[in-house]
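What you see is a predicted model, and the numbers here were worked out from it, not measured in a lab.
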Amino acid sequence: MRDAAIDVRPGPVVQANQALARSAGFQLGSQLLAYPTPAATEQLLGEDLPFAEAVTGSLPEPVRESIRRLRAALADLDPDLLEGEYRRIFSHVHSADCPLYETDFIAKDVWRQSQELADLAGFYRAFGMEVEGERPDSAAVELEFLHVLAFKAGWALAREEADHAEVCERAEVAFLRDHALRWIPSLVERIAAIAGGGPYGAVAALIRELLLAEAGRRGLEFSTGAQPATPDPELVAAEGAGLCEADT
């Protein structure tokens, strides 16, 4: 008689811990691409980075190593210097070299941009996420959404709600395939080239390893080399006006 197949998949508790670890990693990546105000940097160094270090032990070693390198790159760093480095790489408004928006890499015309933004908004609405103060195609927002999906999956697994976890897993695959993996690898490649060995080089390495691990786990393509289009002057002007209003 043939032996019964043995299920070697990790149990729900292990899967839940792994999902929550991925959630913490993506949240950290999102925060690192947001504008580093002094208050945000203080929270990042005092709370968010230590938390990610504590809970991401189940992630692949390249991800854990990139977090350790990030810690070293940010150690004793003056918040003003981090803010200055952010401005150098991404500019104050809209960088032509490292734009932080998906449609700058993927959509070359207004109609395509509208389609991409509508698709992103549909993903966010479906999982109760509202975007305020930032474009929905921002890399920080997309990484935040991956954090939300992984967190919801982990919570569902911890509560033994396998169907809910599966919904989150399927959404993550679709979002990675249709959005994040189509352009963020190219973005972090460009960040690394401009940043060199500075703190944002370590940021780029972390996000790259997070996405590379997910692409491998999901059997999805991880490709770089996408080139951003020249920013729309009207869009840049509108963003600049918004920043000026926020500063007043």
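- Connectivity analysis of hydrophobic side chains (ILVMFWY, heavy atoms under 4.5 Å, direct or indirect) links V13 to nothing; its cluster partners are none.
- To the nearest 0.5 Å, atom CG of residue L212 and atom CD1 of residue I207 are 13.5 Å apart.
- With sequence neighbours left out, S58 forms a side-chain hydrogen bond (donor to acceptor under 3.5 Å, both in side chains) with no residue at all.
- Sorted by first and then second residue, the ring pair (Phe, Tyr, Trp, His ring centres under 6.0 Å) pairs involving residues 181-218 (not counting sequence neighbours) are Y86-Y200, F90-Y200, F105-W183.
- Residues that satisfy the side-chain contact (heavy atoms from CB on, under 4.5 Å) test with A121, not counting sequence neighbours, are R125.
- Remark: side-chain polar atoms of D137 are paired, donor with acceptor, to backbone N or O of T103 under 3.5 angstrom.
- Residues L49 and Q31 fail the side-chain proximity criterion, which asks for heavy atoms closer than 4.5 Å.
- Residue pairs that meet the salt bridge (Lys or Arg N to Asp or Glu O under 4.0 Å) test with at least one member in residues 16-37, sequence neighbours left out, are R22-E169, R22-E214.
- By the neighbour-count criterion of 12 heavy atoms within 6.0 Å, atom CD of E221 is sparsely surrounded, having that number or fewer from other residues, nucleotides or ligands.
- In this view, R68 and E61, E65 satisfy the side-chain hydrogen bond (donor to acceptor under 3.5 Å, both in side chains) rule, not counting sequence neighbours.
- Atoms CD and CG, on Q15 and L157 in that order, are 5.5 Å from each other to the nearest 0.5 Å.
- Closest approach of G25 and L210 over heavy atoms only: O-CD1, 3.3 Å.
- Of all heavy-atom pairs between A213 and P60, the closest is CB-CG, 3.9 Å.
- Counting heavy-atom neighbours within 6.0 Å of D163 CG, excluding the residue itself, gives a total of 12 or less.
- With sequence neighbours excluded, the residues that form a side-chain hydrogen bond (donor to acceptor under 3.5 Å, both in side chains) with D119 are H179.
- Remark: R69 does not engage E209 in a salt bridge, criterion side-chain N to carboxylate O under 4.0 Å.
- The number of heavy-atom neighbours closer than 6.0 Å to CD of E42, taken from other residues, nucleotides and ligands shown, is 12 or below.
- The side-chain heavy atoms of L77 and T41, taken from C-beta on, include no pair separated by under 4.5 Å.
- Here V55 sits in one hydrophobic cluster together with F51; the rule is ILVMFWY side chains under 4.5 Å apart, joined directly or through other members.
- With Y124 contributing its side chain and P136 its backbone, the two residues share a donor-acceptor pair below 3.5 Å.
- Distance check: E116 CD to D178 CG gives 8.5 Å after rounding to the nearest 0.5 Å.
- Here the CG-OG distance, from L28 to S66, works out to 9.0 Å after rounding to the nearest 0.5 Å.
- Checked against side-chain contact (heavy atoms from CB on, under 4.5 Å), S30 has the following partners two or more places apart in sequence or in another chain: A140, L143, E144.
- Applying the side-chain hydrogen bond (donor to acceptor under 3.5 Å, both in side chains) rule to S23 yields the partners H147; only residues at least two apart in sequence or on another chain are considered.
- The two residues A165 and A156 come nearest to each other via the heavy atoms N-CB, 3.6 Å.
- No path of Ile, Leu, Val, Met, Phe, Trp and Tyr side chains, each step under 4.5 Å between heavy atoms, connects W155 with V167, placing them in separate hydrophobic clusters.
- Within the model, atoms CZ of F123 and CD of E142 stand 10.0 Å from one another, a figure rounded to the nearest 0.5 Å.
- Checking side-chain atoms of R64 against main-chain N and O of L59 turns up a donor-acceptor pair under 3.5 Å.
- Looking only at side-chain heavy atoms (C-beta outward), E102 and L120 come within less than 4.5 Å of each other.
- With P199 as the partner, the side-chain contact (heavy atoms from CB on, under 4.5 Å) test is satisfied by one option alone out of L70, L81, L74, L32: L74.
- Rounding to the nearest 0.5 Å places CD of E172 at 6.5 Å from CG of L149.
- Listed by chain and number, the residues in a side-chain contact (heavy atoms from CB on, under 4.5 Å) with A204 are V188, I191, A192 (sequence neighbours excluded).
- Taking both residues in full, the closest heavy atoms of S138 and E134 are given as CB-CG, 3.5 Å, listed atom of the first, atom of the second, then distance.
- Annotation for F151: hydrophobic cluster partners, listed by chain and number, are L20 (ILVMFWY side-chain heavy atoms under 4.5 Å, direct or chained).
- In terms of heavy-atom proximity, S223 sits nearest to P185 at O-CB, 3.4 Å.
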